**Student:** 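Shown below is the structure under consideration.
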Amino acid sequence: QQQVKQSPQSLIVQKGGISIINCAYENTAFDYFPWYQQFPGKGPALLIAIRPDVSEKKEGRFTISFNKSAKQFSLHIMDSQPGDSATYFCAASPVGSSNTGKLIFGQGTTLQVKP
Amino acid sequence: GAGVSQSPSNKVTEKGKDVELRCDPISGHTALYWYRQRLGQGLEFLIYFQGNSAPDKSGLPSDRFSAERTGESVSTLTIQRTQQEDSAVYLCASSLRQGAQPQHFGDGTRLSIL
């Protein structure tokens, strides 16, 4: 049972453009929503994360927009660069000491930024 | 070490053989997770350790899969009688304590079953 749905599966953007990746979740117990970046042959690395008490979080060129009522969140990459070409995963988890913290991942989006 | 270390980085074995994959978490991290990543897909949770106990094994796909952890350090994931569908990248992650985020991932072991 897939609890986090991610789209699109792949994305091609021109250098300097905006990359947008979307995720939707089902479990209302989720309250931590990270985005991970993965380069070939490497493990996922945390890019940015958000809790549901805010609707937006920005770190540099990366922004998460969060819509709690719609159970959706998205990653925006501004001024996309060829070095941003990677696979991006959204994930979700309930947090707190009573939870295991295991992450439920989306299927991933392969981003290619053309020079 | 500074990060999560996994070994071997690559493993090729014949169908039916047993394999052991190793994970060294970040020092001081009590929570440890194993995930499986099939080609072109997202990560699937396998098992969670808090210290050396495994309160959540719900993601293990069959009884051929098992894992253990020594204290709050090294963990091994064992796959017995490997099948071709076990081919995947096996990733380990650790976090500071139960329920804490973020999780820090190793680079994984790429397992290929011939």
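Small disclaimer: the values here were computed from a predicted structure and weren't measured.
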**Student:** List the atom of A:Y36, the atom of B:Q103, and the distance in Å for their closest heavy-atom pair.
**Tutor:**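 It is OH-O, 2.9 Å.
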**Student:** Can you confirm whether A:R61 is buried at CZ, in the sense that more than 12 heavy atoms of other residues, nucleotides or ligands lie under 6.0 Å from that atom?
**Tutor:**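 For A:R61, atom CZ is crowded (more than 12 foreign heavy atoms under 6.0 Å).
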**Student:** Is there a path of hydrophobic side-chain contacts, each under 4.5 Å between heavy atoms, that joins B:Y48 and B:F65?
**Tutor:**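 No, no single cluster joins them.
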**Student:** Examine B:L77 and B:L111 and state if one hydrophobic cluster contains both, with Ile, Leu, Val, Met, Phe, Trp and Tyr joined whenever side-chain heavy atoms are less than 4.5 Å apart.
**Tutor:**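 As far as the 4.5 Å side-chain criterion goes, B:L111 and B:L77 are connected within one cluster.
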**Student:** Tell me, side chain or backbone of B:S58 under 4.5 Å from chain A's heavy atoms, or both, or neither?
**Tutor:**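 The side chain, not the backbone.
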**Student:** Tell me if the CD atom of A:Q112 is crowded by more than 12 foreign heavy atoms within 6.0 Å.
**Tutor:**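 Yes - once you tally the heavy atoms of other residues, nucleotides and ligands closer than 6.0 Å, there are more than 12.
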**Student:** What distance separates B:L91 CG from A:F105 CZ, expressed to the nearest 0.5 Å?
**Tutor:**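 Here the interatomic distance stands at 8.5 Å.
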**Student:** Look at the side-chain heavy atoms of Ile, Leu, Val, Met, Phe, Trp and Tyr, link any pair under 4.5 Å apart, and say whether A:L11 and A:V4 land in one connected group.
**Tutor:**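 Yes, because A:L11 and A:V4 connect within a single hydrophobic cluster, where side-chain heavy atoms sit under 4.5 Å apart.
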**Student:** At a 4.5 Å cut-off on heavy atoms, which part of B:P102 comes close to chain A: side chain, backbone, both, or neither?
**Tutor:**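 For B:P102, backbone and side chain are both near chain A.
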**Student:** Does A:L75 share a hydrophobic cluster with A:I20, counting links as ILVMFWY side-chain heavy atoms below 4.5 Å and allowing steps through other members?
**Tutor:**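 In one cluster: no.
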**Student:** Could you state the interatomic distance from CD (A:Q38) to CZ (B:F105), rounded to the nearest 0.5 Å?
**Tutor:**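 One gets 9.0 Å once the value is rounded to the nearest 0.5 Å.
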**Student:** Are side-chain heavy atoms of A:K102 and B:F45 found at a separation under 4.5 Å?
**Tutor:**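 A side-chain contact exists here, since the closest heavy-atom pair is under 4.5 Å.
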**Student:** How far does OG1 of A:T100 sit from CD1 of B:I47, to the nearest 0.5 angstrom?
**Tutor:**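 It comes to 11.5 Å.
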**Student:** Are there more than 12 heavy atoms of other residues, nucleotides or ligands under 6.0 Å from atom CD of B:E14?
**Tutor:**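 12 or below, so no.
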**Student:** Has B:L39 got more than 12 heavy atoms of other residues, nucleotides or ligands less than 6.0 Å from its CG?
**Tutor:**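 Atom CG in B:L39 is not crowded, with 12 or fewer foreign heavy atoms closer than 6.0 Å.
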**Student:** Counting only non-hydrogen atoms closer than 4.5 Å, does A:Q9 touch chain B with its backbone (N, CA, C, O), its side chain (CB onward), both, or neither?
**Tutor:**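 Interface part for A:Q9: neither.
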**Student:** Mark yes or no for whether B:D107, through its side chain, and A:G43, through its backbone, hold a donor-acceptor pair below 3.5 Å.
**Tutor:**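 Side chain of B:D107 to backbone of A:G43: a pair is present.
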**Student:** Measuring heavy-atom distances to chain A, does B:Q50 have an atom under 4.5 Å in its side chain, in its backbone, in both, or in neither?
**Tutor:**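 It is neither, since no heavy atom gets under 4.5 Å.
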**Student:** Is there a path of hydrophobic side-chain contacts, each under 4.5 Å between heavy atoms of I/L/V/M/F/W/Y residues, joining B:W34 to B:I79?
**Tutor:**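 Both belong to a single hydrophobic cluster.
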**Student:** Let me know if A:P34 has heavy atoms under 4.5 Å from chain B in its side chain, its backbone, both or neither.
**Tutor:**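 It is neither, since no heavy atom gets under 4.5 Å.
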**Student:** Can you name the closest pair of heavy atoms from B:Y35 and A:L103 and give their distance?
**Tutor:**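 Looks like OH-N, 3.0 Å.
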**Student:** Do the side chains of B:Q101 and A:S93 get nearer than 4.5 Å, heavy atoms only?
**Tutor:**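 Side chain of A:S93 against side chain of B:Q101, heavy atoms only: contact under 4.5 Å found.
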**Student:** Given heavy-atom pairs under 4.5 angstrom as the criterion, report whether the side chain, backbone, both or neither of B:Q6 touches chain A.
**Tutor:**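 For B:Q6, there is no contact with chain A at all, as no heavy atom is under 4.5 Å.
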